[in-house]
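The structure under discussion appears below in the form of structure tokens.
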Amino acid sequence: MKTIGADARAPFAFRDGHIVVAVDLRAYRLAAVQKAAYRMAAKCTAVIGEIRDNSLDVTLAFPPATGEQAALEAARLFFQELLDQELREKVGEETASLRTLILAHAFSRARVPPRG
């Protein structure tokens with residue numbers, strides 16, 4: 001088992017073609033985890049485990065030819081993508097009412113041709 005960097009407390013390790021990462025659900029929404037997992041599909045398969053005490057294990061399973069450095073880089077990219085997806089979720093939530101207002105205004109001014 002090898003960890004990232006010299007620190008034995010590194011967040012993940014590559015073993016038997018897998019890396020297991022723990023996601024803190026107090027920092028990231030499940031929807032963001034799912035979207036990040038989907039975005040990583042070209043590099044690995046993300047298997048989402050069950051939620052335990054605000055933590056979610058995600059197993060990143062790599063194709064057999066994947067080397068350790070490539071797998072560790074993919075795990076790092078998973079967390080970058082996870083942050084990106086979490087921020088998108090937050091912005092979407094914060095701007096939902098404004099988007100609804102803009103759409104309502106746009107449709108209130110639209111002319112609908114009569115049927116028939």
Side-chain angles (χ1 to χ4, degrees):
M1 175 172 82
K2 209 171 192 186
T3 57
I4 292 179
D7 187 353
R9 296 172 294 140
F12 33 81
F14 183 63
R15 185 179 359 184
D16 299 325
H18 298 81
I19 293 178
V20 178
V21 297
V23 176
D24 187 341
L25 294 176
R26 294 170 296 182
Y28 304 102
R29 300 161 217 243
L30 180 57
V33 175
Q34 292 167 328
K35 290 175 182 179
Y38 177 76
R39 295 282 304 220
M40 296 299 296
K43 295 183 182 343
C44 61
T45 299
V47 181
I48 299 173
E50 69 180 78
I51 298 170
R52 289 192 196 115
D53 300 324
N54 291 318
S55 183
L56 177 66
D57 281 347
V58 178
T59 301
L60 305 176
F62 296 91
T66 305
E68 180 176 14
Q69 290 305 313
L72 294 173
E73 176 64 9
R76 186 187 69 76
L77 291 173
F78 172 78
F79 277 97
Q80 281 187 333
E81 185 64 36
L82 180 57
L83 179 58
D84 182 63
Q85 294 300 329
E86 177 59 30
L87 292 173
R88 288 173 186 270
E89 290 289 314
K90 185 172 183 164
V91 168
E93 182 181 278
E94 291 175 354
T95 60
S97 60
L98 181 59
R99 284 180 287 129
T100 301
L101 180 64
I102 291 169
L103 283 172
H105 180 71
F107 283 117
S108 71
R109 300 181 61 117
R111 293 186 179 176
V112 179
R115 290 185 167 201

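Heads up: numbering here begins at 1 and tracks the sequence. All heavy atoms count here, side chains included; hydrogens, waters and symmetry mates do not.
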*Could you walk me through whether Glu81 and Leu77 pass side chain to side chain contact (heavy atoms under 4.5 Å, CB included), step by step?*
CA-CA 6 Å; Glu81 185 64 36; Leu77 291 173; over 6 Å; no

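- Between the side chain of Asp16 and the backbone N or O of His18, no donor-acceptor pair lies under 3.5 Å.
- Nearest heavy-atom pair across Ala36 and Phe78 is CB-CE1, 3.9 Å.
- If you take CD1 on Ile19 and OG1 on Thr66, they are separated by 9.5 Å, rounding to the nearest 0.5 Å.
- Listed here is the closest heavy atom pair of Phe79 and Ala22: CZ-O, 4.1 Å.
- Atom NZ of Lys43 and atom CZ of Phe62 lie 10.0 Å apart (nearest 0.5 Å).
- Judged by distance alone, with hydrogens and angles left aside, the side-chain atoms of Arg99 form a donor-acceptor pair with the main-chain N or O of Gly92 at under 3.5 Å.
- Looking only at side-chain heavy atoms (C-beta outward), Arg29 and Lys90 come within less than 4.5 Å of each other.
- Expressed to the nearest 0.5 Å, how far CG of Leu82 lies from NZ of Lys35 amounts to 12.0 Å.
- Distance check, rounded to the nearest 0.5 Å: CD1 of Ile51 to CG of Asp57 gives 11.0 Å.
- The salt bridge (charged side-chain N to carboxylate O under 4.0 Å, His left out) check on Asp84 picks up Arg88, with sequence neighbours excluded.
- Tracing side-chain contacts under 4.5 Å through hydrophobic residues (I, L, V, M, F, W, Y), one never reaches Leu60 starting from Val47; they form parts of separate clusters.
- The distance from atom NE2 of His105 to atom OG of Ser108, rounded to the nearest 0.5 Å, is 5.5 Å.
- Considering OH of Tyr28 and CD of Glu89, their distance stands at 13.5 Å, rounded to 0.5 Å.
- A salt bridge between Arg76 and Glu73 is present, with a side-chain N of the basic residue lying under 4.0 Å from a carboxylate O of the acidic one.
- By the rule that hydrophobic residues join a cluster once side-chain heavy atoms approach within less than 4.5 Å of another member, Ile48 and Met40 end up as members of one cluster.
- In this structure, Asp24 and Asn54 approach most closely via the heavy-atom pair OD1-O, 3.4 Å.
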